[in-house]
Every structure is written in C-alpha cells, then in structure tokens.
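In what follows, a single structure is set out as structure tokens and then discussed.
Numbers restart at 1 for each chain; the letters A, B, ... are given by sequence-line order, proteins then strands.
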2 protein chains.
Amino acid sequence: IIEVRGVTKDYPLGQLTVRALHGVELCVDRGEFTTIAGPSGSGKTTLLNLIGCVDVPTGGSVVFDGAVTSSLSDRELTRLRLEKLGFIFQSFNLVQVLSVFQNVELPLLLQGGIDVAERKRRVESILDRVGLSRFLRHRPNELSGGQRQRVAIARALVTKPRLVLADEPTANLDSVTGNSILELMKELNQQDGTTFIFSTHDHRVMELASRIVRVQDGRVVEDGRGDKS
Amino acid sequence: IIEVRGVTKDYPLGQLTVRALHGVELCVDRGEFTTIAGPSGSGKTTLLNLIGCVDVPTGGSVVFDGAVTSSLSDRELTRLRLEKLGFIFQSFNLVQVLSVFQNVELPLLLQGGIDVAERKRRVESILDRVGLSRFLRHRPNELSGGQRQRVAIARALVTKPRLVLADEPTANLDSVTGNSILELMKELNQQDGTTFIFSTHDHRVMELASRIVRVQDGRVVEDGRGDKS
Ligand SMILES: Nc1ncnc2c1ncn2[C@@H]1O[C@H](COP(=O)(O)OP(=O)(O)OP(=O)(O)O)[C@@H](O)[C@H]1O
Ligand SMILES: Nc1ncnc2c1ncn2[C@@H]1O[C@H](COP(=O)(O)OP(=O)(O)OP(=O)(O)O)[C@@H](O)[C@H]1O
Ligand SMILES: [Mg+2]
Ligand SMILES: [Mg+2]
C-alpha cells in the first residue's frame, strides 16, 4: 500500500539546512500493523507527515497504492486523504471552535454522501469506543490532554480508512485507557484489514506490532518483520 | 511547602457544571518527590494548575509556604510564580515567536537582576543538560514533539525554583531521553532540595517517586508515603 523510495527531507533554518531524513526506504503492505520507533528528534513525525501527504519530500518519492503522491493534484490529494487515510497527529490538530461531536463528524461531512442519521450513528459509536460518550458537547479546551488525544483518534477512525497513520497515539493515555484504544485498533486491523503505521515510544504498542522499524538520526537502522499476529 | 485544603473545582459547561475535583486534601513537604497518578480525565492537570496558581479553586484553599494563594494580590502571585515555582505544562505553552534560547531565558529576564552573561551561562547550561545545545535558534514549530517538551522542562528549571510542578513531563520522550531528564530532576531534588510534584502515567517516574498519590474521578483515593530515597 505504501512505498517510501529514497526519501530525504530538509528543513530550512535561517541560513542552514536541517536534514531530518536521509534516503529512507520503506515498504508497508496492506493489513500490516507496523511501528516506527526511535528517539526524540529521530525523524518519526517527519516520515509520517510525508507518507500522509501532509508534507512533500525534498528528494525521493512516496507511492500510495501505486500513485506517486507528489505527482497528484491538490484535488486528488484531498480525495486520497479523505477516503483512504486517517491521521492521528502528535499535537492532535483539533478544531477549537467545534465540539467533540463536530470534530469527529467533520471528515464524514467533507466526504459527502452520508446522511445526517448515519453520520450521527457513526460518530456516537466511535466516541463510545474511545470512552467519550459524555463529552460530545465539550470543546477541545474543555477537555483533559488524554481526552483530546482520544478525540483525535476517533476522528481518524470514523471514516474507516484503509491506512491509519498514528503519531504517538497513546502518549497522553493511562494504561487502562491506552490498552482499550490499542484493542480497538487491533480489532480494525484484524477484522477490516486496516493498515496501521504508528510512531511510538510506548512498549505496549511495540509489542502488538507485527513489525518494528527503528529510525535514528533520520535513517532506518533496523527493519524487523516478525510474525506476531 | 504546599497544603491543599478541601479543594473543589467546577468548570461551567453550557448550562451544566463539571466538577473536576471533589474536596481534595494534600500536603507536600519541602524536598519531596511526589507523583500524582490517575487515569485520563481524573483531575491531575486541574490539581496542578491550582497548586501552581494558574487557576483558582471553586471551594477550599491552596496554601503555599504559609500563604493562602487566593488571598494574594496579582503582584504577589506573579512574584511567587517567578521566584519559587517552575511549571512544565502538559501542552508545553512555549512562546511561538521566540527561539529555544529566548523561551528559556524569559523567566530570568522577568525576574530581573541577572546580567546578560550570567543569563547566557545558565540558559546554555540547562539546555545542554536536556540535550538541546544544537537547537538554540530553532523556534518551537521547528522542533519535534519531544524537543518542545524538553524546552518546557529547561524553562521551568532555569530559575532553580523551590517547587517544580511537572504535568506528564516525559510523555513525549523515548526511554533514553526520558531517563536522562529524570536523572536531572532527581539530582536537583537531592542536591538542591527542590520539591517536585509530577502528574504522570509513566512508570519510570512513579518508581523514582518517594510518594504516589492516586486520583480518580477528582478524588484522592490513595496517598502512599514510602521511603524510596
Ligand atoms: N519545521 C522544521 N524546521 C526545522 N527543523 C525541523 C522542523 N521539523 C522538524 N525539524 C527537525 O527535524 C528532526 C526530526 O523531527 P521529527 O519531528 O520528525 O522527530 P520525531 O522523531 O518525531 O521526534 P519526537 O519523538 O520528539 O516527536 C528534529 O531534529 C527536528 O528538530
Ligand atoms: N475547561 C474545562 N471545562 C470543562 N471541563 C473541563 C475543563 N478542563 C477540564 N475539564 C474536565 O475536568 C476533568 C479533569 O480534567 P483534567 O485535565 O484535570 O484531567 P487529567 O487527569 O489531567 O487527564 P489527562 O491524563 O487526560 O491529562 C475532565 O473530565 C475534563 O473533561
Ligand atoms: Mg514526533
Ligand atoms: Mg492532564
């Protein structure tokens, strides 16, 4: 489903350039449950942002279902993100003026073609799964850190995407809440064949993964495929 | 150093009220290394915000070094926060238009009475300790999640406060980086007598603590003092 071919990513910094990724090669097949592990500053978010078409590589290419993402039009990229992809951002990126319900409903509205009753059913169902049924009307600034994280998770999963990119999705969650979220994700992986790529420092997430890709200083230093399903 | 006396905290939510804390009683002595543990949404951030004078209780009182904080003037509160207290916020609260160096220098500037050479020495020293010597000129949006967290940590510690409140300070840090930060904090606790109160889900932090206070649904449900130093 994803091929990352010789990708580099440079950020301008005043008169310097910071190279966050150095010639990264990575293939992720449909149905995988892969984690990207590495120290702070090693390039995990940068890599996920490129796979998720939130940013473009400086060099190399990202291929999603056979299409080179940098050659897609804005319209095609938008459709790809809406229909095939769910993204749980490290800083959540919730819309502050919308309620919890409205944040999670938004991708369904943008997709179009789903009536209000079905939208309501799906939004309430996914929010119940992440333990936020009592918070539908809260705005993001009326929630705890872990509650905001779970809204971000619900929003990424409500469209039932083929690929979910999750940037440290359990960082702000206690053990019980985190395990509950991981169960939900493992269920989507096993029953619906949803592909998951996580960035994480959380050993619970690593233990569930069928594969751990280790990055260090912008390079893949280890790519272990093991059978843990 | 801190007494929390029968504190309640209510948040208005439309026509309802959310009670985040119910009659919390807690004393923290000088030099303690205490963690507040609890599930997502249990009231940890709310409690730290009250202790740190970032918010006011609905009922009850917080006493800092013998002074009831809600009876202090704004000027006295500001001095207390600048001179005695360091706060590592869950969402970091960095100033986006300032560089890493400037973010960490800011509390020293606000204190006054420290010359530019001494400020430079102290800022560079603490940033070296948190592994960010090469990022002095970066702005917060040019950093990874864990790098931003470490800037928040450095900013809280640069004034050598008597009390440090840390709201999940290792959530975005990998093991090696997280352990390095915890070592720094333990050192300040043992050598300078700095009091630490952490909110956390991280077992590494809990293991280092001399005391774990468990909260659940806005109540202290367990307050264990053990000798782990
Ligand atoms: N916009 C930017 N401008 C300049 N440098 C950047 C920018 N974004 C990231 N970087 C740098 O690129 C490197 C990789 O960042 P990235 O966010 O991918 O790390 P990460 O592995 O996700 O770290 P963390 O675990 O702390 O979230 C870091 O050294 C960071 O400082
Ligand atoms: N501004 C607010 N308005 C309304 N409710 C709020 C507000 N801030 C917090 N709450 C609610 O108060 C409760 C406690 O929130 P708090 O942020 O203290 O939890 P926490 O223990 O820090 O959780 P986490 O581990 O997820 O960060 C939560 O149920 C939250 O939804
Ligand atoms: Mg990151
Ligand atoms: Mg919190």
Side-chain angles (χ1 to χ4, degrees), chain A residues 11-16 18 20 37-46 48-49 89-92 99 130-132 134-150 167-168 170-181 199-204 206 214-216 218, chain B residues 11-16 18 20 37-46 48-49 89-92 99 130-132 134-150 167-168 170-181 199-204 206 214-216 218:
Chain A
Y11 292 107
L13 191 65
Q15 301 182 31
L16 298 179
V18 173
S40 174
S42 57
K44 300 179 303 294
T45 296
T46 302
L48 286 184
N49 284 345
F89 292 93
Q90 195 168 12
S91 7
F92 321 142
S99 71
V130 300
L132 292 179
R134 298 189 288 110
F135 296 88
L136 301 188
R137 295 182 185 285
H138 283 235
R139 294 199 186 217
N141 67 346
E142 297 163 335
L143 295 173
S144 77
Q147 289 166 341
R148 285 194 276 253
Q149 191 160 46
R150 284 181 275 155
D167 202 349
E168 303 198 29
T170 57
N172 290 108
L173 303 181
D174 60 279
S175 289
V176 172
T177 309
N179 284 342
S180 167
I181 295 300
S199 130
T200 192
H201 305 129
D202 188 335
H203 292 280
R204 294 169 300 179
M206 288 183 212
R214 290 192 189 275
V215 294
Q216 179 113 8
Chain B
Y11 293 107
L13 192 66
Q15 300 183 15
L16 301 180
V18 173
S40 175
S42 56
K44 300 179 302 295
T45 295
T46 301
L48 286 184
N49 283 345
F89 293 92
Q90 196 168 10
S91 6
F92 321 145
S99 70
V130 300
L132 291 178
R134 296 186 292 113
F135 295 88
L136 302 188
R137 292 177 189 288
H138 283 237
R139 294 206 186 201
N141 67 347
E142 298 162 332
L143 296 172
S144 79
Q147 289 165 343
R148 285 193 276 253
Q149 191 159 47
R150 284 180 273 153
D167 201 352
E168 302 197 30
T170 56
N172 289 110
L173 303 182
D174 60 279
S175 291
V176 172
T177 309
N179 284 342
S180 167
I181 295 301
S199 130
T200 193
H201 304 131
D202 190 334
H203 291 280
R204 294 169 301 179
M206 288 185 215
R214 291 193 188 275
V215 294
Q216 179 113 10

Legend entry - Under 4.5 Å from a heavy atom of chain B, the part of T170(A) involved: neither
Inset, instruction - Could you look at T177(A) and say if it's the side chain, the backbone, both or neither that has a heavy atom under 4.5 Å from chain B? - result: side chain
Legend entry - Contact winner vs chain A - E168(B), H138(B), K44(B), heavy-atom pairs under 4.5 Å: H138(B)
Inset, instruction - Between chain A and each of A37(B), P39(B), G14(B), G38(B), count heavy-atom pairs under 4.5 Å; write down the option with the most. - result: P39(B)
Test side chain to side chain donor-acceptor pair (under 3.5 Å) applied to [X] - qualifying residues, sequence neighbours left out:
{"X": "T200(A)", "value": "none"}
{"X": "R204(B)", "value": "D202(B)"}
{"X": "N172(A)", "value": "none"}

Inset, instruction - Heavy atoms only: give me the nearest H201(A)-L173(B) pair and the separation to one decimal. - result: ND1-C, 3.5 Å
Inset, instruction - List the atom of S175(A), the atom of H203(B), and the distance in Å for their closest heavy-atom pair. - result: OG-NE2, 3.9 Å
Inset, instruction - Report, by ascending residue number, the residues of residues 141-150 of chain A in heavy-atom contact with chain B at a distance under 4.5 Å; give 'none' if the set is empty. - result: E142(A), S144(A), G145(A), G146(A), Q147(A), R148(A), R150(A)
Legend entry - side-chain contact (heavy atoms from CB on, under 4.5 Å) evaluation trace for R137(B) with L13(A): CA-CA 9 Å; R137(B) 292 177 189 288; L13(A) 191 65; 5.9 Å; no
